[in-house]
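Computation of the quantities below employed the complete heavy-atom set of this structure, encompassing side-chain atoms and omitting hydrogens, waters and symmetry-equivalent molecules.
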Amino acid sequence: MEEEYKSLKVNKIQTKMEELNMALNFMGAVFVRVTDLEQSLRFYSDILGLQLRNIEECGRIANYIINESSPLITLIKTEGYQAQDYPTFNLNYNNVLELHEKLIAQGVKVGPVKNWSSDRNVHIDFDVYDPDGNAINLIEWSAR
């Protein structure tokens, strides 16, 4: 029943997109609101190891890139922002357990390591918190 519903829903969406001559190409960016851009730049560059692509001319927006085909991670300086304490995206790393220990040793706020499995993969992950308290899930997985 659930599979039939999903198939029907997907077919309707595809038909509507074809009628409108629309095609989804890729995901462009994930937006992260921060209150202190300078402090966040250090965290995302030095702690997470992301590559800074550019800082926009307005000085309130910074774009990070993982590789040429990945979405950008865009930091946006926002006054009075309430951080999200649950992750809205994850980053895939190798050696997540070692990374967890390294971050703890550096005094970075991290959540507990979780081990779990899905139909396809075995996962090891934990959340790390940026200077504003935004949760980012760091994950490693392998095929079952």
Side-chain angles (χ1 to χ4, degrees), residues 2-100 102-104 106 108-144:
E2 184 177 338
E3 289 301 317
E4 289 175 31
Y5 173 75
K6 285 180 183 177
S7 177
L8 180 64
K9 189 173 181 181
V10 167
N11 289 337
K12 283 183 177 181
I13 292 170
Q14 287 173 338
T15 301
K16 188 65 171 175
M17 289 178 77
E18 288 169 6
E19 288 173 10
L20 297 172
N21 196 25
M22 293 173 39
L24 175 62
N25 296 311
F26 54 86
M27 183 174 168
V30 173
F31 299 100
V32 180
R33 305 231 181 258
V34 300
T35 57
D36 184 332
L37 190 59
E38 298 247 346
Q39 187 178 28
S40 295
L41 287 169
R42 286 190 296 276
F43 177 84
Y44 284 85
S45 297
D46 300 342
I47 302 297
L48 295 183
L50 298 178
Q51 179 184 345
L52 180 64
R53 188 181 87 170
N54 69 307
I55 297 174
E56 301 283 335
E57 287 182 28
C58 65
R60 296 181 311 106
I61 298 171
N63 294 300
Y64 281 91
I65 190 164
I66 297 169
N67 61 48
E68 291 302 319
S69 62
S70 69
L72 295 175
I73 297 176
T74 300
L75 307 182
I76 302 172
K77 183 177 179 180
T78 307
E79 298 300 324
Y81 171 69
Q82 179 75 25
Q84 299 202 22
D85 57 357
Y86 56 88
T88 55
F89 67 96
N90 65 22
L91 299 172
N92 185 284
Y93 282 86
N94 295 324
N95 304 314
V96 165
L97 293 175
E98 290 175 26
L99 180 57
H100 188 260
K102 177 183 168 190
L103 294 175
I104 290 172
Q106 292 177 334
V108 176
K109 181 181 176 187
V110 297
V113 171
K114 299 173 289 247
N115 292 287
W116 56 282
S117 296
S118 66
D119 293 343
R120 297 181 178 190
N121 300 309
V122 175
H123 306 83
I124 303 170
D125 74 297
F126 66 92
D127 296 340
V128 62
Y129 298 86
D130 77 4
D132 283 292
N134 292 307
I136 302 155
N137 184 256
L138 307 185
I139 190 166
E140 177 180 0
W141 67 75
S142 57
R144 286 189 110 182

Show the nearest heavy-atom pair for residues Ala83 and Gly133, with the distance to one decimal.
CB-C, 3.7 Å
Residue set satisfying side-chain hydrogen bond (donor to acceptor under 3.5 Å, both in side chains) with Gln84, at least two apart, ordered chain then number -> Tyr86
Working note: Asp36 + Phe43, criterion side chain to side chain contact (heavy atoms under 4.5 Å, CB included); need CA distance, chi angles, decisive distance, verdict.
CA-CA 11 Å; Asp36 184 332; Phe43 177 84; over 6 Å; no
To the nearest 0.5 Å, tell me how far Lys102 NZ sits from Asn95 CG.
11.0 Å
Test of understanding: with side-chain hydrogen bond (donor to acceptor under 3.5 Å, both in side chains), list the residues that count as partners of Thr88, not counting sequence neighbours.
none
For Tyr64, ring-ring contact (aromatic ring centres under 6.0 Å, His included) partners two or more places apart:
none
Applying side chain to side chain contact (heavy atoms under 4.5 Å, CB included) to Phe26 and not counting sequence neighbours gives none
Please check: side-chain N/O of Glu56 versus main-chain N/O of Ile61, any donor-acceptor pairing under 3.5 Å?
no
So how far is it from Leu41 CG to Ile55 CD1, rounded to the nearest 0.5 Å?
5.0 Å
Within a reach of under 6.0 Å around CD of Glu57, are more than 12 heavy atoms found that belong to other residues, nucleotides or ligands?
no
Side chain to side chain, Leu91 and Ile66, heavy atoms closer than 4.5 Å
yes
Nearest heavy-atom contact between Ser118 and His123 is OG-CE1, 3.2 Å
Inspect the surroundings of CZ in Arg144 and state if more than 12 heavy atoms from other residues, nucleotides or ligands are less than 6.0 Å away.
yes
In this structure, CD1 of Ile139 is separated from CG of Asn121 (nearest 0.5 Å) by 8.5 Å
Given side chain to side chain contact (heavy atoms under 4.5 Å, CB included), test Leu99 with Val128 step by step and report yes or no.
CA-CA 11 Å; Leu99 180 57; Val128 62; over 6 Å; no
With sequence neighbours left out, write down each residue that passes salt bridge (charged side-chain N to carboxylate O under 4.0 Å, His left out) with Asp125, or none if nothing qualifies.
Lys114
May I have the list of side-chain donor-acceptor pairs in residues 71-81 shorter than 3.5 Å, sequence neighbours left out?
unit_1: Thr74; atom_1: OG1; unit_2: Asn63; atom_2: OD1; d: 2.7
unit_1: Thr78; atom_1: OG1; unit_2: Ile76; atom_2: O; d: 3.2
unit_1: Tyr81; atom_1: OH; unit_2: Asn134; atom_2: OD1; d: 3.4

Applying side-chain hydrogen bond (donor to acceptor under 3.5 Å, both in side chains) to Ser69 and not counting sequence neighbours gives Asn67
Run the side chain to side chain contact (heavy atoms under 4.5 Å, CB included) test against Ser142 and tell me which residues pass, sequence neighbours left out.
Val122
Which atoms form the tightest heavy-atom contact between Gly111 and Phe126, and what is the distance?
O-CB, 3.8 Å
By side chain to side chain contact (heavy atoms under 4.5 Å, CB included), Asn115 pairs with (sequence neighbours left out) Val113, Ile124
Nearest 0.5 Å, what's the CG-OH distance between Leu37 and Tyr44?
10.5 Å
CH2 on Trp141 to CH2 on Trp116, rounded to 0.5 Å:
9.0 Å
Output yes when a side-chain donor or acceptor of Tyr93 lies under 3.5 Å from a complementary backbone atom of Leu48, and no otherwise.
yes
Run the side chain to side chain contact (heavy atoms under 4.5 Å, CB included) test against Glu68 and tell me which residues pass, sequence neighbours left out.
Ile65
Less than 4.5 Å apart, any side-chain heavy atom of Asp132 and any of Ser40?
yes
The reported gap from NE2 in His100 to CD in Glu140 (rounded to nearest 0.5 angstrom) is 13.5 Å
